[in-house]
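Okay, structure first, notes after.
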Amino acid sequence: MQNYKIDHLVVGSNCLEEGTYYIENLLDLKLSSIGYHKKMGTHNRVIKLGDLYLEVIAIDPDSKVEIKNTFFGLDKSFVKKKILLKPRLISFVISSTMNISSKFYPHKTYIERNKYKWNFMNPNQNILEKDLFPYSDSFPSIIHWLTPSPLEEMKKNFFKFERLEIELKENQIFYKDHLDSFKLNEKIVYKIRKNADNDVYPKIYGIVKNTKTGNELIIK
């Protein structure tokens, strides 16, 4: 039987230093040392949030890889100029106990980072209505770990993930239907935007709780 869970939240940034500053100041905690995805031309830092983790990810300016279709569309011009005007929570990743293949996730990419190995499946933008979902990577990607996840080796802290809040337009209900198909145990709250603003991108908010103070913080 296939099991799914939220593996990690993804904060995208045009510059890793800016994304690191955003999260470290929000949580008042230091992130990990830098990890490198040499195949994809990106680098990241991570932090544990209880049963899942958060990564801050950006294009590695020192990478010699010819960047094309990298993680979460970070190499795309419209992502750099419209979505990442500042670091923000752009997506999340769902872990799968087995490799999957579907119209929505037709291809897998083998990735290594130090001792960790996994297959990564990103959403298929060609089956989405571009007017409704111009940024397909706002849909979750799928990860199938071929080694143990790095989560258990991450430094413990007082923060734990509480829920996702996802803001959609009325005609974007397919996003909710898609997530519901995974039958995730994590709490997800949906809000419908009825105002006719120009922001067509689903807005994702990660709510985390400081178990020491009881305070909640919003990663957005």
Side-chain angles (χ1 to χ4, degrees), residues 2-13 15-60 62-63 65 67 70-74 87-100 105 107-123 137 139-164 182 184-187 204 206-211 217 219:
Q2 180 69 279
N3 291 312
Y4 299 99
K5 70 176 294 292
I6 297 178
D7 189 80
H8 62 278
L9 309 182
V10 180
V11 170
S13 180
C15 170
L16 188 61
E17 288 78 9
E18 291 179 358
T20 299
Y21 180 84
Y22 165 50
I23 295 299
E24 288 187 342
N25 277 269
L26 178 66
L27 301 182
D28 194 24
L29 284 175
K30 291 293 183 182
L31 300 183
S32 71
S33 58
I34 300 176
Y36 297 90
H37 312 113
K38 294 181 180 180
K39 183 175 182 177
M40 305 298 280
T42 56
H43 56 179
N44 73 350
R45 294 182 188 269
V46 300
I47 191 167
K48 188 171 186 175
L49 299 174
D51 293 332
L52 53 82
Y53 67 97
L54 176 145
E55 79 165 331
V56 177
I57 188 169
I59 297 292
D60 179 2
D62 295 325
S63 173
V65 174
I67 300 170
T70 193
F71 290 133
F72 312 108
L74 296 175
R88 63 182 284 189
L89 183 60
I90 54 174
S91 192
F92 57 103
V93 177
I94 294 173
S95 66
S96 164
T97 55
M98 296 182 290
N99 281 314
I100 67 171
Y105 299 100
H107 306 296
K108 64 183 179 183
T109 304
Y110 174 76
I111 306 291
E112 293 183 0
R113 180 175 67 81
N114 299 329
K115 66 180 181 180
Y116 302 111
K117 300 176 176 61
W118 66 92
N119 285 324
F120 190 82
M121 291 141 275
N122 61 301
D137 286 288
F139 283 81
S141 295
I142 305 294
I143 192 168
H144 172 61
W145 288 101
L146 302 174
T147 59
S149 161
L151 179 66
E152 294 308 316
E153 295 185 3
M154 293 180 190
K155 185 177 179 180
K156 293 182 179 180
N157 56 63
F158 293 114
F159 285 98
K160 71 171 185 175
F161 171 80
E162 285 286 294
R163 65 189 179 276
L164 284 180
F182 291 102
L184 297 168
N185 290 324
E186 292 85 4
K187 185 176 181 180
I204 305 171
I207 314 302
V208 298
K209 184 176 182 178
N210 185 322
T211 58
L217 294 174
I219 301 170

In the structure I gave you, are the side-chain heavy atoms of [X] and [Y] within less than 4.5 Å of one another anywhere?
{"X": "Val11", "Y": "Ile57", "result": "no"}
{"X": "Glu24", "Y": "Leu29", "result": "no"}
{"X": "Phe72", "Y": "Ser141", "result": "yes"}
{"X": "Val208", "Y": "Leu27", "result": "yes"}
{"X": "Phe161", "Y": "Ile207", "result": "no"}
{"X": "Lys187", "Y": "Glu162", "result": "no"}
{"X": "Pro150", "Y": "Arg113", "result": "yes"}

Restricting to non-hydrogen atoms, name the atom on [X] and the atom on [Y] that form the minimum distance, rounded to 0.1 Å.
{"X": "Phe139", "Y": "Pro123", "result": "O-CG, 3.6 Å"}
{"X": "Leu151", "Y": "Leu52", "result": "CD1-O, 3.5 Å"}
{"X": "Val46", "Y": "Asn44", "result": "CG1-ND2, 3.9 Å"}
{"X": "Ile142", "Y": "Val93", "result": "C-CG1, 4.3 Å"}

**Report entry** Steps toward side-chain contact (heavy atoms from CB on, under 4.5 Å) verdict (Leu184, Ile94)
**Finding:** CA-CA 9 Å; Leu184 297 168; Ile94 294 173; 4.0 Å; yes
Report summary line: Quick note, side chain to side chain donor-acceptor pair (under 3.5 Å) partners involving residues 26-39, not counting sequence neighbours, are His37-Thr42
Query - Contacts of type side chain to side chain donor-acceptor pair (under 3.5 Å), residue Asn119, not counting sequence neighbours - result: Asn99
State whether the side chain of [X] and the backbone N or O of [Y] hold a donor-acceptor pair below 3.5 Å, judged by distance alone.
{"X": "Asn114", "Y": "Tyr116", "value": "no"}
{"X": "Ser13", "Y": "Ala58", "value": "no"}
{"X": "His144", "Y": "Ser96", "value": "yes"}
{"X": "Lys5", "Y": "Asp51", "value": "yes"}
{"X": "Ser91", "Y": "Asp137", "value": "yes"}

Measure the spacing between [atom1] of [X] and [atom2] of [Y] and express it to the nearest 0.5 Å.
{"X": "Leu54", "Y": "Leu26", "atom1": "CG", "atom2": "CG", "result": "9.5 Å"}
{"X": "Trp118", "Y": "Asp7", "atom1": "CH2", "atom2": "CG", "result": "10.0 Å"}
{"X": "Ile219", "Y": "Leu49", "atom1": "CD1", "atom2": "CG", "result": "5.5 Å"}
{"X": "Phe71", "Y": "Ile59", "atom1": "CZ", "atom2": "CD1", "result": "10.5 Å"}
{"X": "Thr147", "Y": "Lys117", "atom1": "OG1", "atom2": "NZ", "result": "6.5 Å"}
{"X": "Phe92", "Y": "Ile204", "atom1": "CZ", "atom2": "CD1", "result": "6.0 Å"}

Query - Check against salt bridge (charged side-chain N to carboxylate O under 4.0 Å, His left out), Glu153 and Lys115 - result: CA-CA 12 Å; Glu153 295 185 3; Lys115 66 180 181 180; 2.9 Å; yes
Query raised in the report: For Phe182, does the CZ atom sit with more than 12 other heavy atoms under 6.0 Å from it, leaving out its own atoms?
Result: yes
Query raised in the report: Around atom OH of Tyr21, are there more than 12 heavy atoms of other residues, nucleotides or ligands at under 6.0 Å?
Result: no
Query - Residue list, salt bridge (Lys or Arg N to Asp or Glu O under 4.0 Å) with Glu186, at least two apart or on another chain - result: none
Report task. Begin with the C-alpha distance, continue with both residues' side-chain angles, and end with the deciding distance and a verdict on side-chain contact (heavy atoms from CB on, under 4.5 Å) for Leu217 and Phe159. Result -> CA-CA 9 Å; Leu217 294 174; Phe159 285 98; 3.6 Å; yes
Report task. State, without any angle test, whether Glu55 and Tyr53 hold a side-chain donor-acceptor pair at a distance under 3.5 Å. Result -> no
